[in-house]
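Presented below is the structure to which this report refers.
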Number of protein chains: 2
Amino acid sequence: MATGRTHRPATRSRGIPEATVARLPLYLRALTALSERSVPTVSSEELATAAGVNSAKLRKDFSYLGSYGTRGVGYDVEYLVYQISRELGLTQDWPVVIVGIGNLGAALANYGGFASRGFRVAALIDADPAMAGKPVAGLPVRHTDELEAIISDNGVSIGVIATPAGAAQQVCDRLVAAGVTSILNFAPTVLSVPEGVDVRKVDLSIELQILAFHEQRKAGEDSPSPAAPAAAARSGAGVRSSASRKGPDGDVPAVMPA
Amino acid sequence: MATGRTHRPATRSRGIPEATVARLPLYLRALTALSERSVPTVSSEELATAAGVNSAKLRKDFSYLGSYGTRGVGYDVEYLVYQISRELGLTQDWPVVIVGIGNLGAALANYGGFASRGFRVAALIDADPAMAGKPVAGLPVRHTDELEAIISDNGVSIGVIATPAGAAQQVCDRLVAAGVTSILNFAPTVLSVPEGVDVRKVDLSIELQILAFHEQRKAGEDSPSPAAPAAAARSGAGVRSSASRKGPDGDVPAVMPA
DNA sequence: GTATGTGAATAACTTCACAGCC
DNA sequence: GGCTGTGAAGTTATTCACATAC
């Protein structure tokens, strides 16, 4: 989801819609799987199913890249893999640093899919001196003091922040000052960055909250059908002070927030 | 980010736009921070800045919830916290199971923000018998055999999948069969679920690829005419009937994909 | 016959700008 | 005077449906 695009007022000329860009990795993954099974061609319908979108959307997306299919036949798998990879910039190597080697940072470092496609972990960085030198996922953890040197020595332009929330902005500032222009933020904070720097965030708690929203609606469903397994009615406590407030007051079983 | 909404054709009546729902957790976080600093009221401008959006959007978002502000003054922090929490369904307790206690699963289990707001880790589940009983984040890991019992005993409706890609669909099927109707998927796979089940995914590699796309553009910035239709004789997969191919062929230093 | 590519139609989302209320 | 709430305008994304090409 979700990101803080900061630059580019919506590229003119060869502009690929942001929504399309966000789906290209999905297509690429599905195509790679087909490629591994040596499937030579695929129709928009099949590929769309594999990627979890509908075929019209997929065809429209591909139309922004060019005319890479063959009418009456479909798409050449290998060729498409290449085109999408190129479009995404995966035909080059992207060194990445991960800052904050706690539980999450270590998990990210160990995540295979990382290296698999264009990305290479150039270094793991942590502020804890006790961590320095300790190997994680085969790489020695480096101390934060070295951050700037690591960035510039390796030509790193993408940084991953997996620190506690409190340290994130500071780390971000240093990364940016050192030359990083794309940041993937796992810390639950809004980062502020200068123009020209892209930030994307991944936030467990936000995702869960969105799910809870929909889950809540399912429970309070007007009743008739959807075979509700009705996972036990949870009860709450507390009371709401009513008062004037006009909002569309909902059902909701009461209970106070934090 | 992105998700596979599966049900609800966009609720009529009290329908809050999906884009708005996705931002409520952001507002909530910013408000909670203000609340902790005992700030009594906040303007749309201030709150918007703290949440990383613009104020018009924020006001529009809030307008879907009701009229919770005071003209000329702003919003009452505590009151808004409560309203948003309620809207998101966080005024109730959501037991959650995490399946797949590898590096990532353990990181998730240890993630504090988890319990902090309405969510409670009911159980950690892993397929490895050797893991069974071992404590992670203070909870004993349970074996997959117990999955169904755990779900129903605890009234779990939200499941988190942190297994390898290969196991994800199978785990998903079992979760759904056992009564889970919301899934947060960290495995790099498209899950297929029946109508009525919500899936959201979190995918490191997709996020990085999106960043790489933009990063690539930054590098090739300004150049007047985007990409010279250079030869770029795509070697791969002979089959290609040369000619035709109109796509905006790019520069790119060659290199074949996987 | 079959499946792509794409204009046109529709829907969702964002931003503007200002009336309304404090 | 200041700030919210919201119609209206503008923008982006999705879906339709069919001409076009194999």
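Numbered from 1 within each chain, the chains take letters A, B, ... in sequence-line order. Just the heavy atoms: all of them, side chains too, but no hydrogens, waters or symmetry mates, feed the values below.
Scanning for salt bridge (charged side-chain N to carboxylate O under 4.0 Å, His left out) contacts around B:Asp173 gives an empty result, with sequence neighbours left out. Partners of A:Arg59 by salt bridge (charged side-chain N to carboxylate O under 4.0 Å, His left out), not counting sequence neighbours: none found. Listed by chain and residue number, B:Glu215 satisfy the side-chain hydrogen bond (donor to acceptor under 3.5 Å, both in side chains) test with A:Thr181 (two or more places apart in sequence, or in another chain). The side-chain contact (heavy atoms from CB on, under 4.5 Å) search around A:Glu46 returns A:Val42, A:Ser43, not counting sequence neighbours. In this structure B:Ala165 satisfies the side-chain contact (heavy atoms from CB on, under 4.5 Å) test together with B:Pro188, B:Thr189, sequence neighbours excluded. B:Thr32 pairs by the side-chain hydrogen bond (donor to acceptor under 3.5 Å, both in side chains) definition with B:Arg117, not counting sequence neighbours. The side-chain contact (heavy atoms from CB on, under 4.5 Å) search around B:Pro40 returns none, not counting sequence neighbours.
Salt bridge A:Asp203/B:Arg29: present, at least one basic N to carboxylate O contact under 4.0 Å.
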What are the atom names and distances for every N/O pair under 3.5 Å that joins the protein to nucleotides 7-10 of chain C?
unit_1 : atom_1 : unit_2  : atom_2 : d
C:dG7  : N7     : A:Lys60 : NZ     : 3.2

What does the list of N/O pairs under 3.5 Å between the protein and nucleotides 18-22 of chain C look like, with a distance for each?
unit_1 : atom_1 : unit_2  : atom_2 : d
C:dG20 : N3     : B:Arg71 : NH1    : 3.2
C:dC22 : O4'    : B:Arg71 : O      : 3.2

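Comparing D:dA13, C:dT6, D:dT6 by their nearest atom to the side chain of A:Ser63 picks out C:dT6.
How far OG of A:Ser205 is from CZ of B:Phe119: 7.0 Å, rounded to the nearest 0.5 Å.
If you take CD1 of A:Ile16 and P of D:dT14, they are 14 Å apart, rounded to a whole angstrom. Atom C1' of nucleotide D:dT15 and atom CZ of A:Arg23 are separated by 12 Å, given to the nearest angstrom. Counting to the nearest Å, the C1' atom of C:dG5 and the CG atom of A:Leu80 are 14 Å from each other. Note: OH (A:Tyr64) to P (C:dT4) measures 17 Å, nearest angstrom. In this structure, B:Tyr79 places its OH atom 16 Å from P of D:dT4, rounding to the nearest Å.
Contacts between residues 42-56 of chain A and DNA chain D, defined by a heavy-atom separation under 4.0 Å, are made by A:Asn54.
For C:dG5, one of the phosphate oxygens OP1 or OP2 lies less than 4.0 angstrom from a side-chain nitrogen or oxygen of A:Tyr75.
The residue A:Phe62 sits apart from the nucleic acid: no heavy atom pair falls under 4.0 Å.
Residue pairs meeting the ring-ring contact (aromatic ring centres under 6.0 Å, His included) criterion with at least one member in residues 15-62 of chain A, sequence neighbours excluded: A:Tyr27-A:Phe62, A:Phe62-A:Tyr75.
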Show me the side-chain donor-acceptor pairs of residues 49-56 of chain B shorter than 3.5 Å, one per line, residues at least two apart or across chains.
unit_1  : atom_1 : unit_2  : atom_2 : d
B:Thr49 : OG1    : B:Glu45 : O      : 3.0
B:Asn54 : OD1    : B:Ala56 : N      : 3.1
B:Asn54 : OD1    : B:Lys57 : N      : 2.9
B:Ser55 : OG     : B:Glu45 : OE1    : 3.4

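Taking the nucleotide of DNA chain D with the nearest heavy atom to each of A:Lys57 and B:Asp61, the more 5' of the two is matched to B:Asp61.
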